[in-house]
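Along the sequence shown, residues carry numbers from 1. Read the numbers this way: they start at 1 and go in the same order the structure lists the ligands and their atoms.
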Amino acid sequence: MVRHKLRSSDFLSLDMLDGDELEDLLDEALRLKAEGVKGFRPLAHRTIGLLFEKPSTRTRVSFEVAVITLGGHPLTLSGGELQLGRGETIEDTGRVLSRYVDGLVVRTFGHDRLTALAAASGVPVINALTDLCHPCQALADMLTIMEYKGSLAGLKLAYVGDGNNVANSLLRAGTLLGMNVTVSTPESHAPEARIIEECIEHCETYGSSMELGHDPTYGVRGADIVYTDAWVSMGAGEDPESAREAFKGFQVNDELLSGASDDVMVMHCLPAHRGEEITDEVIDGSRSAVWDQAENRLHAQVALLGMIFS
Ligand code: CP
Ligand code: NVA
């Protein structure tokens with residue numbers, strides 16, 4: 001039962017869940033979205049610290065609202081205004097903050113920074129994005145696909161662009177849930193090797209498939225879902241001009257989508273760089289699911305927090 005596994009636990013990446021547990025969590029999110037939380041207030045008299053070392057619109061606000069929805073008090077902290085910005089270690093920061101708050105939602109750089117903080121903290125720590133993965137995003141992504149398509153297993157999900165944190169979590173979630181995932185990236189921007197290894201095992205266990213390549217036209221052929229993200233992630237330090245060069249041909253536009261399924265849905269975790277990885281026509285068009293996808297960050301996180309803190 002996912003409820004037992006998540007109770008009082010960290011949520012650092014999707015690798016802690018099996019396919020059934022992930023499905024249960026998504027079902028709970030769908031249920032809470034449909035029925036509302038009613039009197040469910042597991043965070044009453046509790047404070048959740050939200051520590052962001054990188055900018056955020058969706059994750060920060062949706063977590064703040066999710067905490068309030070469950071009766072709690074969110075306390076948002078930016079790395080720069082803490083002593084962390086003057087060199088206090090991430091471990092010491094976690095040790096101290098966890099004496100004041102009941103849980104921490106953390107966006108940071110290296111994933112090892114998150115795991116070090118979690119190891120030193122005495123309260124549950126939730127990953128709000130690291131350079132390696134963005135598991136809360138993937139929860140909302142899968143929830144949105146379930147709403148649009150009715151189910152997940154057997155659907156073709158084509159990711160196009162940078163093999164980044166979002167791609168890594170999407171690969172994990174898609175292969176845990178029986179999807180056929182293609183990832184098309186420039187050779188220089190492939191997903192993380194150890195996540196690919198893990199997803200090969202998922203494919204054997206869950207009857208899913210995964211194909212990695214460098215030709216987006218091939219990758220999106222017949223796809224039910226086409227997903228993209230920024231070419232340059234926060235903290236990646238890549239020169240935008242050289243990225244534009246590397247990602248030539250990887251834009252999600254009408255021409256690329258002409259090879260996808262007739263009822264393809266288009267996804268983007270946002271923020272979008274219109275005119276780069278996606279065109280205005282596509283993101284604002286009838287196939288775009290991005291605003292529902294952004295809303296679902298809230299519903300997925302209400303379910304997640306509900307399971308961790310009840
Ligand atoms: N998708 C997402 O995580 O957006 P933010 O960076 O605005 O939180
Ligand atoms: N890959 C992007 C996701 C932003 C939500 C980044 O890390 O900047």
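Applying the salt bridge (charged side-chain N to carboxylate O under 4.0 Å, His left out) test to residues at least two apart or on different chains, the pairs with a partner in residues 195-207 are R172-E198. Sorted by first and then second residue, the pairs that involve residues 118-135 and meet salt bridge (charged side-chain N to carboxylate O under 4.0 Å, His left out), not counting sequence neighbours, are K54-D131.
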Verify salt bridge (Lys or Arg N to Asp or Glu O under 4.0 Å) between R60 and E64, making sure each step is shown before the conclusion. CA-CA 6 Å; R60 189 194 127 180; E64 286 189 0; 3.1 Å; yes

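Two residues are said to be in side-chain contact when any heavy atoms from C-beta on lie closer than 4.5 Å; R297 and T59 meet this criterion. A heavy-atom distance below 4.5 Å is found between the side chains of I126 and L305.
Ion pair D284/R274 flagged as a salt bridge, since at least one NZ, NE, NH1 or NH2 atom sits closer than 4.0 Å to an Asp/Glu carboxylate oxygen. Salt bridge D254/R287: present, at least one basic N to carboxylate O contact under 4.0 Å.
Sorted by chain and number, the residues within 4.0 Å of ligand 1 by heavy atom are S56, T57, R58, T59, R107, H134, Q137, C269, L270, R297.
Between R194 atom CZ and N168 atom CG the span is 8.5 Å, to the nearest 0.5 Å.
No side-chain donor-acceptor contact under 3.5 Å links S261 to the backbone of D224.
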Check ligand 2 against the protein and report each N/O to N/O distance under 3.5 Å, formatted as atom name, atom name, distance.
from: ligand 2; atom 1: 1 (N); to: N164; atom 2: ND2; distance (Å): 3.3
from: ligand 2; atom 1: 1 (N); to: N165; atom 2: OD1; distance (Å): 2.8
from: ligand 2; atom 1: 1 (N); to: D229; atom 2: OD2; distance (Å): 2.7
from: ligand 2; atom 1: 1 (N); to: S233; atom 2: OG; distance (Å): 2.7
from: ligand 2; atom 1: 7 (O); to: N165; atom 2: ND2; distance (Å): 2.8
from: ligand 2; atom 1: 7 (O); to: S233; atom 2: OG; distance (Å): 3.4
from: ligand 2; atom 1: 8 (O); to: M234; atom 2: N; distance (Å): 2.8

